[in-house]
Student: 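Let me begin by handing over the structure; questions about it come next.
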Amino acid sequence: MEDRIAQLGTDARARIAAAADLEALRCIERDLLGKQGPLAEILASIPSLDKAERPAVGRLANVLKCELLAVAAERREVLEAELLAAERSCEDFDPTLPARPARRGSLHPITRVRRRVEDVFTSMGYRILEGPQVELDYYNFQALNIPADHPAREMQDTFYCTGSGNLVMRTHTSPVQVRTMESVEPPYRVISLGRVFRKEEQDATHDHTFHQVEGLVVGEDVTAGHLIGTLRSLLAHLFGRELDTRLRPGYFPFVEPGFELDVRCPFCEGGCRVCGRTSWIEFCGLGMVHPRVFAASGVDSERYTGFAFGFGLDRLTMMLLGIDDVRHFMAGDLRFLEQF
Ligand code: FA5
């Protein structure tokens, strides 16, 4: 066995010294030192050798392994230096050429607008909270006054998690309302931003995965006037000027009264593609927290009132950055993303 190791060493040194380029050297290293190589085979056979022979064979094989690694590293340095020298001596090598520009990443457009929205709300004293994307049916629906047999469940096509019975991919950020009310003593102002999911047909304004911003304010004497003022102020900050808004009655089981806030289209006078030729763009669902939601969350509705609102971050980003299709956001196409 000792002769075999010595012979293996002689052959291996000769092969490494003769390696013509880096690729050849890589192959030789793999052959000699890889898991299927002769050295690995010798080391694996040690338990089957005579007891007296084992220590010497083990030592020789390991010494040879270390030596071959060092010889190969030396040869690699020589080959790399030769390669560099060859590149430099070639006719069209021009050391004065500027380096290739480093490719810089950029923030996703949704992240940009998300941060602007967060800045406006934090400047108004809101805290930012997170909620789980895989949510209990209880928080996504039941505690929001949408029991299992309620027709309002059809307003939001839901991905139910198979095998769990009571887990859903959250269809909106409103579950964070209940989680907040359960765990924090009023008064508070919070927003929560994040991904939501709906089993929808995709088109230019609908995706199965999109982003919402939820707002919740609970305290004594909180009114719908505060709610409308807050949203108008948000829009003025984001668009850099006062926008015309209108309030319509809207049905959401977790608020009473409930409204929808529309914004006069900032891109046209009298109708364009973005507003569907109506001059108005639906911006937000909103309303006063329903007493049943307060009850489910353990908040005293005799003492406190509250408002909540929820809007789509994707559609807001489309408006702010002039993007015409919501499906661009999740497509991961660099040609789109590199524009921001
Ligand atoms: C809700 O999700 C309510 N939770 C909002 C709410 C919160 C009302 C608090 C009252 C109080 P709605 O289903 O309308 O409401 O969705 C809100 C926004 O999400 C829409 O205005 C729209 O901007 C966005 N949205 C809805 N579906 C999609 C979709 N498939 N793709 C992209 N954006 C969507």
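Numbering of ligands and ligand atoms starts at 1, following listing order.
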Student: With the threshold set at 4.0 Å, does a side-chain nitrogen-carboxylate oxygen contact exist between Asp137 and Arg153?
Tutor: yes

Student: Return all side-chain donor-acceptor pairs below 3.5 angstrom for residues 281-299, not counting sequence neighbours, or 'none' if the list is empty.
Tutor:
residue, atom, partner, partner atom, Å
His290, ND1, Arg292, N, 3.0
Arg292, NH1, Asn145, OD1, 3.1
Ser297, OG, Val293, O, 2.7

Student: Enumerate the protein residues lying less than 4.0 Å from ligand 1, judged by heavy-atom distances, in chain and residue-number order.
Tutor: Gln156, His172, Ser174, Gln177, Arg198, Glu200, Thr205, His206, Asp207, Phe210, Gln212, Glu214, Phe252, Phe254, Val255, Gly285, Leu286, Ala308, Phe309, Gly310, Gly312, Arg315

Student: Show the atom names and distances, to 0.1 Å, of all donor-acceptor pairs under 3.5 Å that link a side chain in residues 90-101 to residues at least two apart or in another chain.
Tutor:
residue, atom, partner, partner atom, Å
Asp94, OD1, Thr96, N, 2.8
Asp94, OD1, Thr96, OG1, 2.5
Asp94, OD2, Thr96, OG1, 3.3

Student: Just by distance, no angles: are the side chains of His328 and Asp325 close enough, under 3.5 Å, to form a donor-acceptor pair?
Tutor: no

Student: Considering residues, nucleotides and ligands other than Glu338, do more than 12 of their heavy atoms fall under 6.0 Å from its CD?
Tutor: yes

Student: Anything under 3.5 Å between a donor and an acceptor, one on a side chain of residues 30-52, the other on a protein residue two or more places apart or in another chain? List them.
Tutor:
residue, atom, partner, partner atom, Å
Asp31, OD2, Arg15, NH2, 3.1
Ser45, OG, Ile42, O, 2.7
Ser48, OG, Ser45, O, 2.6

